[in-house]
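A short worksheet on the structure shown next.
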Amino acid sequence: MSVDLEFAIRHSGRAGKDLTRRDVARVLLAVPTGQALVSMPDLKRELLAVGNPLSAAFWESAKTTLARIESGLATVGDVQRWLESTGTEPILLTRSYFVWPDEGERGPVATEMYARLVEHLESLLAIGVIDPDLLASGDPAAREAYEELQERWLATSLPDGRVPSAVVSDEQDEELFAAWDEEEAFALGELRRSMADLPAPPLPAEDLRVAAGRLRRTLVRPGFPGNVLRACAGLDEAALPAEDEDLWLAVAAGITAPISDLPDEEDAARFFDLDGELSHEDSVLASLCAINHADWLAAVTALARYGPGVLASPERIARFIADSEENDGEADSLEDLEATEMLFTAVTPLWAHLGIVDKAEVLTPLGWWGLPKALERAWSPE
């Protein structure tokens, strides 16, 4: 493949005289760096011939960046920053923590807004508001101004009333929720298929009564574990379900799929203090949310098959998951096993409080009866 003017025109969709620095940079990054370095002098001459020479600062920055890529010294961030220094490339991560989706993952709204921002930046560059040579040289003031004008555009309403950053974020949320719902529906189907092959466990009524009574007392007390269990189930301690089975299943299901965060008993900024540490309660909730559908499915299915008396320690659950169908029977690395075990260290103490496991972390008849039901409840559409 020859990186010449014809290739650049095809790649960018613009005439040679209209190619921007961003267009040329993306062309050079679209081929192996060695090939781009060799082809660059000829491409530079062809652009000069059509009246679009760009600038010495751009070509020097391109040569330096490509050489660093070729030698393995350039990071992904270095390459992204060079691309942004062309003056018409949107900043991938803004100071307000807005992040553009990767090019292949943008929905229609993100694609439209990205193109609109590129067009906006091109108009500013054309009238001299943006100086790409200063950006290429790493001038701090030029970079700050470049970031600021993009922040301003993202937060400003378009003529149709849409705010770019808001509509892109909304689209990403919708895509995330849709993917989550699809994954949850698949997991629910697999759970039902697995449970259909097993006998239905009997309800240990007395065990449920005792566990529900203990749970009612815990849920009205401040602190751990009551605050975490309330958050998991989305319960208000002033209005708990009247039926023991409904209460128990709501809390057990919430451990699998937490419904809400902890109340603002502390400053919410704790989540953004990178030098601080999460509280024990926050850490437990974070671990519960980090366990994926496949791991819950594998763990509960294995426990249901073995029945009461099986060890349900975090270490044993991690091994169940590693050996499961959902994991394709492939043994995890030691690091993966340890990571899974660490996540489930947040689960088993809560399970013990519900009577799902006993003090020795052994599955109880109540856990055998209730875990599959709780998982089905957590994954069933409301």
Side-chain angles (χ1 to χ4, degrees), residues 183-184 187 190-191 194-195 198 201 207 211 214-215 218 223-233 248-249 251-259 262 277-379:
E183 185 176 344
E184 202 164 71
E190 290 298 295
L191 174 68
S194 298
M195 293 302 105
L198 301 176
D207 292 347
R214 181 172 60 246
L215 190 55
T218 300
F224 184 83
N227 54 357
V228 170
L229 294 174
R230 287 194 303 272
C232 285
W248 191 93
L249 286 174
V251 177
I255 293 172
T256 302
I259 291 175
L262 290 169
E277 294 184 0
L278 289 178
S279 68
H280 175 62
E281 289 92 335
D282 290 329
S283 179
V284 167
L285 272 175
S287 294
L288 298 180
C289 293
I291 301 173
N292 61 41
H293 293 90
D295 286 356
W296 280 118
L297 176 62
V300 171
T301 300
L303 293 174
R305 289 188 182 280
Y306 281 102
V310 65
L311 181 63
S313 66
E315 181 180 10
R316 185 63 172 145
I317 290 172
R319 176 49 62 187
F320 284 150
I321 291 169
D323 294 340
S324 67
E325 284 183 14
E326 289 72 26
N327 201 43
D328 297 327
E330 297 178 2
D332 283 15
S333 67
L334 179 60
E335 292 80 7
D336 290 338
L337 284 169
E338 290 176 346
T340 302
E341 180 182 345
M342 184 62 66
L343 291 178
F344 276 89
T345 59
V347 175
T348 49
L350 300 179
W351 277 359
H353 199 79
L354 270 69
I356 293 172
V357 297
D358 62 20
K359 292 180 180 180
E361 297 184 323
V362 169
L363 184 69
T364 66
L366 180 60
W368 185 44
W369 166 83
L371 271 182
K373 294 180 183 297
L375 202 59
E376 180 165 7
R377 177 172 177 148
W379 293 344

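Remember, it's a predicted structure, so these values are computed and weren't measured experimentally. Below, each value reflects all heavy atoms present in this structure, side chains not excepted, and no hydrogens, waters or symmetry copies.
A distance of 4.5 Å separates CG of N227 from CD of E281, quoted to the nearest 0.5 Å.
Residue pairs meeting the ring pair (Phe, Tyr, Trp, His ring centres under 6.0 Å) criterion with at least one partner in residues 354-375, sequence neighbours excluded, are W248-W369. Among pairs with a residue in residues 278-318, those fulfilling ring pair (Phe, Tyr, Trp, His ring centres under 6.0 Å) read W180-H293, F224-H280, H293-W379, W296-F344, Y306-F320, at least two apart in sequence or across chains.
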Carefully, step by step, assess L366 and L354 under the rule side chain to side chain contact (heavy atoms under 4.5 Å, CB included). CA-CA 9 Å; L366 180 60; L354 270 69; over 6 Å; no
What do the steps show when you test T364 against D207 for side chain to side chain contact (heavy atoms under 4.5 Å, CB included), and what is the final call? CA-CA 9 Å; T364 66; D207 292 347; 5.9 Å; no
Quick one, T256 with C232, criterion side chain to side chain contact (heavy atoms under 4.5 Å, CB included). Give me CA distance, side-chain angles, the key distance, then yes/no. CA-CA 8 Å; T256 302; C232 285; over 6 Å; no
Mind running side chain to side chain contact (heavy atoms under 4.5 Å, CB included) on V347 and I291 for me, showing each step along the way? CA-CA 10 Å; V347 175; I291 301 173; 3.7 Å; yes
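Considering only heavy atoms from C-beta on, V362 stays 4.5 Å or farther from V310 through its side chain.
Contact record, I317 with A299: CG2-CB, 3.7 Å, taken as the closest heavy-atom pair. Contact detail for P225 and T218: the closest heavy-atom pair is CG-CG2, 3.9 Å. Across L311 and R316, no two heavy atoms sit closer than the pair O-CG, 3.2 Å. The two atoms that bring A257 and A378 nearest to each other are CB-CB, 4.1 Å, heavy atoms only. Between E361 and S313, the closest heavy-atom pair is OE1-CB, 3.1 Å. Of all the heavy atoms in C289 and P258, the pair that sits closest is SG-CG, 3.9 Å.
When the shell of 6.0 Å around CD of E315 is examined, it contains 12 or fewer heavy atoms from other residues, nucleotides or ligands.
Of the possible donor and acceptor atoms, none in the side chain of T301 sits under 3.5 Å from a partner among the backbone N and O of A298.
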